[in-house]
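All values below were derived from every heavy atom in this structure, side-chain atoms included, with hydrogens, water molecules and symmetry-related copies excluded. One-based numbering, in listed order, for ligands and for the atoms of each.
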Amino acid sequence: MDTLQIILVVAALVVVAGLGWYLANRRSSVVESTTPAPTPRTQTGRSGLAGRLTETSRSLGGALRGVFGRGTLDGEFWDGMEEALIGADVGVVASADVVRRVREGRPQDTDEARALLRRNLHEEMTDRDRRLVLGDTKPSIVMVVGVNGAGKTTSIAKLAKLLQTHGKEPLLGAADTFRAAADAQLRTWGERLGADVIGGQEGADPAAVAFDALQAARSRGRDIVIVDTAGRLHSKHNLMAELTKIRRVLERDSDPVDEVLLVLDATAGQNGIAQVEEFARAVGVTGIVLTKLDGTARGGVVVAVERTLGVPVKFIGIGEGIDDLIEFDPAEFVDALLADA
Ligand code: GDP
């Protein structure tokens, strides 16, 4: 091989190596760029929950700022406060009660009135046990109910993720066999989370699917089985009968269902509550998951929900991402609601 040939071979090797290096690096940057960026926790530069409840805190804050800006604690001041709360969907009766209690605190100026409002709104939501009850027997059983579109399936996935971060292994049961899409949606989430999903054919008996899921969770040693259920049937009566049957079958081996979580869309406000009141009572709901609080100016509906249904809000949905379900903390929530006031 003469010198020229050696130079050509070396040059070719350099080109091939360079090309290889370029392709490898191009590949890794593509992988990086397709990795979803973490969901921003703020939209307005504010951190935490206040950054997610912007619509409510802006409109409630705006209304209250107008009221506090009056400076005098006269009749119009109190009417304005009550209207602002009603506007945030706190509910007519609850808003009147809160304002009455603030007045009874005899604030001397608007700052004191603001502080009393914060305290009374908070007190509206204390004294409730908001922990997820998981019982002692493994697997714990969590049934999830709610009308279609409320965010049931998404919330189940988020809850499963939350439990995983607490070191629990959930198994998901797709007992809404009336909609093929519900099964598929839950399976997709299950794959992403690395959680098993037990479902059935479209039209299969939902209670049998729920029972299969429970058995699978038992035999696989999972900590919790979370059962998705139908959100709509031919009639409300049929839906309630179906949900009651699922519960009965799950409890056949004498282990009680630990939680029946009702998923409720906050954007539906008071109308949403009226829609589910009857069946919430019939199936023995133990906790509420209030979704889409990030997309409504009516975040005060938390108060109305608890008053009407008499059941604690345990989790709130504040976005579409898998991490956007948080345990409900009244103090943090009231601070977020009044962040702009
Ligand atoms: P299901 O019919 O009750 O199972 O409802 P899905 O889980 O399919 O949710 C319906 C829609 O609501 C989907 O587009 C979800 O991404 C959306 N969603 C659920 N929870 C939230 C939330 O907390 N915030 C927002 N912005 N969207 C949500």
Apply salt bridge (charged side-chain N to carboxylate O under 4.0 Å, His left out) to residues Arg187 and Asp183 and explain how you reach the verdict. CA-CA 6 Å; Arg187 283 183 192 280; Asp183 183 281; 2.7 Å; yes
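A heavy-atom separation below 4.0 Å is not found between Gly146 and ligand 1. Not a single heavy atom of Gly295 sits under 4.0 Å from any atom of ligand 1. At least one heavy atom of Arg179 lies less than 4.0 angstrom from ligand 1. Residue contact annotation: Asn148 has a non-hydrogen atom under 4.0 Å from ligand 1. Gly231 does not count as a contact of ligand 1, since none of its heavy atoms falls under 4.0 Å from the ligand.
Under 4.0 Å is where a charged nitrogen must lie from a carboxylate oxygen, and between Arg131 and Glu327 no such pair does. With respect to the salt-bridge test (charged N to carboxylate O, under 4.0 angstrom), the residues Lys292 and Asp265 qualify. Between Arg106 and Glu112 there is no salt bridge, since no side-chain nitrogen of the basic residue lies less than 4.0 Å from a carboxylate oxygen of the acidic one. Between Asp340 and Arg65, no side-chain nitrogen of the basic residue sits less than 4.0 Å from a carboxylate oxygen of the acidic one, so the salt-bridge criterion is not met. Classification of Arg103 and Glu82 as a salt-bridged pair fails, no side-chain N sitting under 4.0 Å from a carboxylate O. Using a 4.0 Å cut-off between charged side-chain N and carboxylate O, Asp323 and Lys158 make no salt bridge.
Among protein heavy atoms, the minimum distance from atom 26 (N) of ligand 1 is reached at Asp294 OD2, 2.8 Å. At the shortest separation from atom 7 (O) of ligand 1 among protein heavy atoms lies Thr154 OG1, 2.4 Å. Considering only non-hydrogen protein atoms, atom 20 (N) of ligand 1 sits nearest to Lys158 NZ, 3.6 Å. Protein heavy atom nearest atom 11 (C) of ligand 1, with residue, atom name and distance: Lys292 NZ, 4.1 Å. Residue, atom and distance of the protein heavy atom nearest to atom 5 (O) of ligand 1 are Gly151 N, 3.1 Å. Distance from atom 4 (O) of ligand 1 to its nearest protein heavy atom, with residue and atom name: Thr153 OG1, 2.7 Å. Ranking protein heavy atoms by distance to atom 16 (O) of ligand 1, first place goes to Glu320 OE1, 2.7 Å. The closest protein non-hydrogen atom to atom 3 (O) of ligand 1 is Lys152 N, 2.7 Å.
Put simply, the side chain of Gln164 does not reach to within 4.5 Å of the side chain of Lys168, judged on heavy atoms.
Residue Gly319 places at least one N or O, backbone or side chain, under 3.5 Å from an N or O of ligand 1.
Taken from CG in Asp294 to CG in Leu53, the straight-line distance is 8.0 Å, to the nearest 0.5 Å.
Between Phe328 and Phe333, the ring centre distance stays below 6.0 Å.
Contacts of Leu325 with ligand 1, taken as heavy-atom pairs under 4.0 Å, are absent altogether.
If you number the atoms of ligand 1 from 1 as listed, the ones under 4.0 Å from a heavy atom of Gln185 come out as 6 (P), 7 (O), 8 (O). Those atoms of ligand 1 that come under 4.0 Å of a heavy atom in Ile318, given as number and element, are 23 (O). Per-residue contacts place Val147 under 4.0 angstrom from the following atoms of ligand 1 (heavy atoms of the residue considered): 3 (O). Of all the atoms in ligand 1, the ones that sit under 4.0 Å from a non-hydrogen atom of Gly317 are 23 (O).
Apart from Val93 itself, the hydrophobic cluster it occupies contains nothing, where clustering links Ile, Leu, Val, Met, Phe, Trp and Tyr at side-chain heavy-atom distances under 4.5 Å.
With sequence neighbours left out, the side chain to side chain contact (heavy atoms under 4.5 Å, CB included) criterion links Ala266 to Leu290, Leu293, Thr296, Val301.
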